[in-house]
Number of protein chains: 2
Amino acid sequence: MLPTKTPLKIAIVDDHNLFRKGLIKLISLGDKENKYSILFEAENGNDLKDKLKSKSPPDIILMDIDMPDLNGYEAVDWLRKYHPDISILVVSMFETEEPIMRMLRMGVKGYLSKDIEVEDMHQALEAIANKGFYYSDLVSGIMAQNIQSTNPEIRLKQGSALILTENEREFLKLACTELTYSQIADRMNLSPKTIDGYRESLFQKFQVKSRVSLAMYAVKNNLVKI
Amino acid sequence: MLPTKTPLKIAIVDDHNLFRKGLIKLISLGDKENKYSILFEAENGNDLKDKLKSKSPPDIILMDIDMPDLNGYEAVDWLRKYHPDISILVVSMFETEEPIMRMLRMGVKGYLSKDIEVEDMHQALEAIANKGFYYSDLVSGIMAQNIQSTNPEIRLKQGSALILTENEREFLKLACTELTYSQIADRMNLSPKTIDGYRESLFQKFQVKSRVSLAMYAVKNNLVKI
DNA sequence: GAGAAAAAGGGGATTTTTCCTGTATGACAC
DNA sequence: GTGTCATACAGGAAAAATCCCCTTTTTCTC
């Protein structure tokens, strides 16, 4: 339970200034009792790191996911290590299971779509202030579905399979370029057949069936920068 | 300055309620002289169509691009036909040449990034109200580069935004998936040879030599969502 | 309505990717 | 030692992608 007497300190992390400024207005205009104060804004994860060095930490961070430099997942991961006491409320345009579960597994205290009523956001803030978390029906429904699947195959898919070797990472980067596999083999001083082994291994791990899908997966999951 | 004129009627089209509501606050709170009135909101292009049937048309529409059902491009295309008198101000997260030029070619009166100062947005609204358009330095710079030559060969060398046909765009989306070219041909009800022609054409336009590069280019330039 | 340009489709060869089947090697535990 | 596991590597075949050069159909202009 977070302190209720002094205003709750909030920070906003989102890469679009218009959205940040609008959100601030929505929070402060609906806040008659002065329950909240906006401590600072950051435009991505790296900016957040910087600002946490020079400023006092907020109680709650409103966190976007898709941002340049350091995205929401990476930022939450970092916060978990260095500021585990800060409550994180994700505010994202993504409404699908994958990002929601990924964030919940990292221990965020709530997950809001950007397409919600203003009142819902106020409720979320209030809930986090009072009981420490806010999970909407959508989010708790997805949680329930996933809590059951201790299914080994699914666990394998999400857990151990995502560990890549150094060579696999290097190959993955080059597979996103115009080089052919045999050129990649030359570049890495390995046999084309070894390269084919990396390809097969990554296809398995990512559950894809073509080089294009491999590249798309890599981009989507920030394994390669574009 | 007296409020002699009737306020400028504005509509907002964006698929995220939090953003729309924030934007409304930012517009109305900075509007001491009552120059603007928010007529209505729509959450995508189809919703806009519906609302234009039952309501009086606005003077300006603030238009997002990435929306479900009917996106910004399609909505602007429709508006151009049925409501050519409405000024369109695009407000998008995309800041690259391709979407900007595509919108400008359709005759929008301004293009704003979502990552701008609140003051810039007010300036844009004022400019459109007074002189009918607002092109930031970024946008007019891109216009200048593209206005010089309609010759595709010269434009290629300059790296200017290219014009794609509807079919090429559709093919490009599918080329970023796991489908083979012949499956894409089936999906689009065209001959595999025609698909091969689209491929060749896009390879030329983007100066790439493989499907992977094509997909990476498309992602980099926001031609496909990932 | 002729002519030009764009879009759609085609034949066929080469290269690359994908997917099987394997084997050789070294590290490691027991 | 022996077994096991991960890694590097191979042969070979089928599928897909790439790249030539070429014809037909549609669309638009004059």
Side-chain angles (χ1 to χ4, degrees), chain A residues 152 155-157 159-219 223-224, chain B residues 77 81 102 105 149-156 161-219 223-224:
Chain A
R155 282 230 317 248
L156 194 75
K157 240 173 95 176
S160 64
L162 288 184
I163 299 164
L164 307 189
T165 68
E166 254 328 292
N167 274 353
E168 282 174 349
R169 276 179 209 284
E170 175 67 10
F171 161 73
L172 189 53
K173 272 182 204 163
L174 297 175
C176 294
T177 70
E178 215 147 60
L179 297 172
T180 69
Y181 289 144
S182 82
Q183 287 170 332
I184 293 175
D186 283 349
R187 190 76 69 97
M188 292 179 69
N189 289 313
L190 291 165
S191 155
K193 284 302 180 178
T194 304
I195 295 301
D196 195 45
Y198 295 157
R199 182 196 56 72
E200 193 60 41
S201 167
L202 290 180
F203 275 25
Q204 282 278 329
K205 289 180 180 176
F206 300 160
Q207 296 282 289
V208 298
K209 284 191 273 298
S210 76
R211 183 170 169 179
V212 168
S213 302
L214 186 67
M216 294 291 108
Y217 184 99
V219 170
L223 294 165
V224 300
Chain B
D77 200 40
K81 260 190 213 149
R102 191 167 167 196
R105 287 201 187 92
S149 165
T150 350
N151 184 328
E153 286 158 50
I154 293 173
R155 296 160 51 97
L156 256 180
L162 297 155
I163 300 168
L164 306 189
T165 69
E166 245 345 280
N167 275 352
E168 282 173 348
R169 282 181 205 284
E170 175 69 10
F171 161 74
L172 190 52
K173 271 183 207 163
L174 298 175
C176 294
T177 70
E178 216 148 58
L179 297 172
T180 68
Y181 287 146
S182 85
Q183 287 171 331
I184 292 174
D186 283 350
R187 191 75 71 97
M188 292 179 69
N189 289 315
L190 290 166
S191 155
K193 283 301 182 178
T194 304
I195 295 301
D196 195 45
Y198 295 157
R199 182 195 55 72
E200 193 59 41
S201 165
L202 290 180
F203 275 25
Q204 282 281 328
K205 289 180 180 176
F206 300 159
Q207 296 283 286
V208 298
K209 285 190 268 301
S210 77
R211 184 170 168 178
V212 168
S213 303
L214 186 68
M216 298 298 286
Y217 183 100
V219 170
L223 293 163
V224 299

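Atoms considered below: every heavy atom in the structure, side chains included; atoms not considered: hydrogens, waters and symmetry mates.
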* To do: Hey, which sits more toward the 5' end of DNA chain C by its nearest nucleotide, A:Phe203 or A:Gln183?
  => A:Gln183
Whole-Å gap separating [atom2] ([N]) and [atom1] ([X]):
X: A:Glu200; N: D:dA8; atom1: CD; atom2: P; result: 15 Å
X: B:Ile195; N: D:dC19; atom1: CD1; atom2: P; result: 17 Å
X: B:Asp196; N: D:dA16; atom1: CG; atom2: P; result: 14 Å
X: B:Asn167; N: C:dG9; atom1: CG; atom2: P; result: 10 Å
X: B:Leu190; N: C:dG10; atom1: CG; atom2: P; result: 11 Å
X: B:Leu202; N: D:dT18; atom1: CG; atom2: C1'; result: 14 Å
X: A:Glu178; N: C:dT17; atom1: CD; atom2: P; result: 11 Å
X: B:Tyr181; N: D:dT18; atom1: OH; atom2: P; result: 4 Å

* **Residues within residues 168-175 of chain B bordering DNA chain D, heavy-atom distance below 4.0 Å** => none
* Asked: Any N or O donor-acceptor pair linking the side chain of B:Lys193 to the base of C:dG12 at under 3.5 Å?
  ->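 Such a pair exists between side chain and base.
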* Kindly assign one of parallel, tilted or perpendicular to the pair A:Tyr198 and A:Phe171, based on the angle between their ring planes and the thresholds 30° and 60°. => tilted
* Asked: Where is the tightest heavy-atom contact between B:Ser210 and A:Glu178, given as atom of each residue plus distance?
  -> N-OE2, 3.7 Å
Can you tell me which nucleotide in [options] comes closest to the side chain of [X]?
X: A:Arg211; options: C:dT18, C:dA7, D:dA17; value: C:dT18
X: B:Arg199; options: D:dC19, C:dA7, C:dA8; value: D:dC19
X: A:Tyr198; options: C:dG9, D:dA8, D:dC9; value: D:dA8
X: B:Ser191; options: D:dA16, C:dG9, D:dT18; value: C:dG9

Please examine the side chains of [Y] and [X], heavy atoms only from C-beta on, and report whether any two atoms are closer than 4.5 Å.
X: A:Arg199; Y: A:Ile195; result: no
X: B:Thr177; Y: A:Val212; result: no
X: B:Leu202; Y: B:Leu164; result: yes

* Donor-acceptor pair, side chain of A:Arg211 and main chain of A:Ala175, under 3.5 angstrom ->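 Here the side-chain-to-backbone pair exists.
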* Asked: Under the salt bridge (Lys or Arg N to Asp or Glu O under 4.0 Å) test, which residues partner B:Asp77, sequence neighbours left out?
  ->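 Only B:Arg80 meet the salt bridge (Lys or Arg N to Asp or Glu O under 4.0 Å) criterion with B:Asp77.
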